[in-house]
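Below: the structure, in structure tokens.
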Amino acid sequence: MELWVPITLAAATAQALRFMLQKHLRGMQLSTAGATFARFIYSSPLVMVIAVIYARTSGQGVPQLPAAFWPYAIAGGASQVLATMCVVALFSHRNFAVGITFKKTEVLLSALIGFVILGDVVTGWAICAMLIGLVGVILLSDPPNATGAWHQRIFNKATALGLGAGLLFGVSGNGYRGASLSLDAGDVFYRAIVTLAIVTALQTVTMAIWLVWRERGEITRVFRAWRVAGLVGLTSMVGSICWFNAYTLQTAAYVNALGQVELLLSLAIGSLAFGEKISRREWQGMVFLGVSILVLVLVA
């Protein structure tokens with residue numbers, strides 16, 4: 001077995017566990033912003049330490065950050081915070097597996113965003129994948145046991161949160177890619193970990209200021225929930241590092257294709273940890289969306 005395979009599986013597992021823990025934090029009376037902040041406050045110091053150690057041991061030293069780095073990094077960091085908040089809020093409206101599947105629209109939307117922002121090529125197969133994914137999104141958007149006109153059932157808060165998360169994660173991924181590509185020196189992992197360290201530090205400071213201003217006492221509640229919140233930070237760091245290593249060892253298409261195992265993990269977590277059941281229509285939507293994502297990443 002090639003090394004990138006277990007690393008990718010570890011990344012997908014860590015990511016699924018992180019969202020499970022964040023859903024659990026919402027059940028501990030933390031706000032959406034508080035559950036999101038837990039990811040950054042506990043992972044940022046760890047990522048920074050890893051970045052410093054790698055820079056020193058690899059002999060690549062302090063990075064030189066060009067002006068072009070900051071717009072990409074800020075856009076990527078801000079959109080990731082908002083996207084994570086959308087996913088955490090979505091868990092209050094739909095079950096865990098459906099929430100994670102909605103999040104996976106990021107793979108589809110990021111192709112379109114990459115074309116607009118970075119000039120990435122969108123092929124005919126990619127357009128077909130997006131159309132298949134649209135069918136899946138429509139099926140997922142219709143809540144179980146819903147009544148009324150079809151357009152009222154499909155256009156709801158859960159749909160807005162799900163697609164919003166996918167769109168924002170798509171912006172985030174392309175922002176991080178643009179920031180990493182703007183660095184002139186260093187190997188792939190060096191540029192990636194430097195970008196990750198700087199962005200997570202900015203996210204932590206920004207969210208702390210927001211919580212002090214708008215949600216007094218929430219930071220204290222996050223620290224009181226340190227047992228779960230600390231695990232959120234740890235799984236976040238592990239997931240990020242594993243993704244970057246996997247992309248270093250293998251092409252993104254294969255890594256992303258294998259990474260869709262997160263959907264299966266979300267089904268198991270939703271059933272075992274939260275006792276959730278998936279309706280027939282939700283199963284159909286998840287299959288359509290899963291097929292569209294696989295087609296997109298395999299032909300990318």
Side-chain angles (χ1 to χ4, degrees), residues 11 14-15 18-19 22 32-33 36-48 50-51 54 63-88 103-120 161-210 232-233 235-248 252 255-256 259 297 300:
Q15 187 160 282
R18 172 170 63 81
F19 279 117
Q22 286 182 303
T32 296
T36 303
F37 178 67
R39 171 187 180 179
F40 302 113
I41 187 61
Y42 287 102
S43 67
S44 180
L46 298 174
V47 173
M48 188 65 69
I50 291 173
Y54 185 78
Q64 299 298 317
L65 304 178
F69 173 89
W70 295 105
Y72 284 119
I74 292 171
S79 57
Q80 185 183 40
V81 169
L82 295 173
T84 304
M85 292 178 68
C86 284
V87 174
V88 174
K103 172 193 169 292
K104 284 299 179 182
T105 57
E106 70 182 282
V107 181
L108 301 173
L109 294 170
S110 62
L112 179 60
I113 295 167
F115 170 74
V116 174
I117 297 177
L118 300 175
D120 292 342
L161 288 170
L163 293 180
L167 178 63
L168 289 164
F169 272 123
V171 172
S172 176
N174 282 282
Y176 290 156
R177 181 176 176 226
S180 295
L181 292 175
S182 73
L183 299 178
D184 297 326
D187 58 40
V188 173
F189 183 76
Y190 174 82
R191 287 181 288 167
I193 196 65
V194 165
T195 300
L196 182 63
I198 293 172
V199 170
T200 52
L202 291 174
Q203 289 168 324
T204 302
V205 172
T206 302
M207 287 212 71
I209 294 172
W210 170 266
V232 168
T235 52
S236 175
M237 183 206 68
V238 171
S240 297
I241 298 301
C242 287
W243 285 123
F244 286 129
N245 274 283
Y247 288 135
T248 303
V255 172
N256 286 336
V297 297

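- For S43 against G233, the heavy-atom pair with the smallest separation is CB-O, 3.2 Å.
- With sequence neighbours left out, A68 forms a side-chain contact (heavy atoms from CB on, under 4.5 Å) with S182.
- Between Y42 and S236 there is no side-chain heavy-atom pair separated by less than 4.5 Å.
- Residues meeting the side chain to side chain donor-acceptor pair (under 3.5 Å) test with Y54, sequence neighbours left out: D187.
- Under the side-chain contact (heavy atoms from CB on, under 4.5 Å) criterion, A75 pairs with no residue, sequence neighbours left out.
- Considering every non-hydrogen atom in both C86 and L161, the closest pair reads CB-O, 3.6 Å.
- A donor-acceptor pair under 3.5 Å is formed between the side chain of T204 and the backbone N or O of F40.
- The minimum heavy-atom distance linking R191 with L183 is given by the pair CD-O, 3.6 Å.
- Closest approach of M207 and A33 over heavy atoms only: CE-O, 3.4 Å.
- Annotation: the span from L168 atom CG to L163 atom CG amounts to 10.5 Å, rounded to 0.5 Å.
- Listed by chain and number, the residues in a side chain to side chain donor-acceptor pair (under 3.5 Å) with T84 are R39 (sequence neighbours excluded).
- Judged as a side chain to side chain donor-acceptor pair (under 3.5 Å), and not counting sequence neighbours, T200 has no contacts.
- G239 approaches A11 most closely through the heavy-atom pair O-CB, 3.9 Å.
- When all heavy atoms of M85 and T32 are compared, the closest pair comes out as O-CG2, 3.2 Å.
- With sequence neighbours left out, W70 forms a ring-ring contact (aromatic ring centres under 6.0 Å, His included) with no residue at all.
- Partners of A14 by side-chain contact (heavy atoms from CB on, under 4.5 Å), not counting sequence neighbours, listed by chain and number: V238.
- Atoms CD1 and CE, on I198 and M48 in that order, are 7.0 Å from each other to the nearest 0.5 Å.
- Partners of A179 according to the side-chain contact (heavy atoms from CB on, under 4.5 Å) rule, which considers only residues two or more places apart in sequence or in another chain, are F69, Y72, A73, T195.
- Annotation: side chain to side chain donor-acceptor pair (under 3.5 Å) contacts of Q22 (sequence neighbours excluded): R18.
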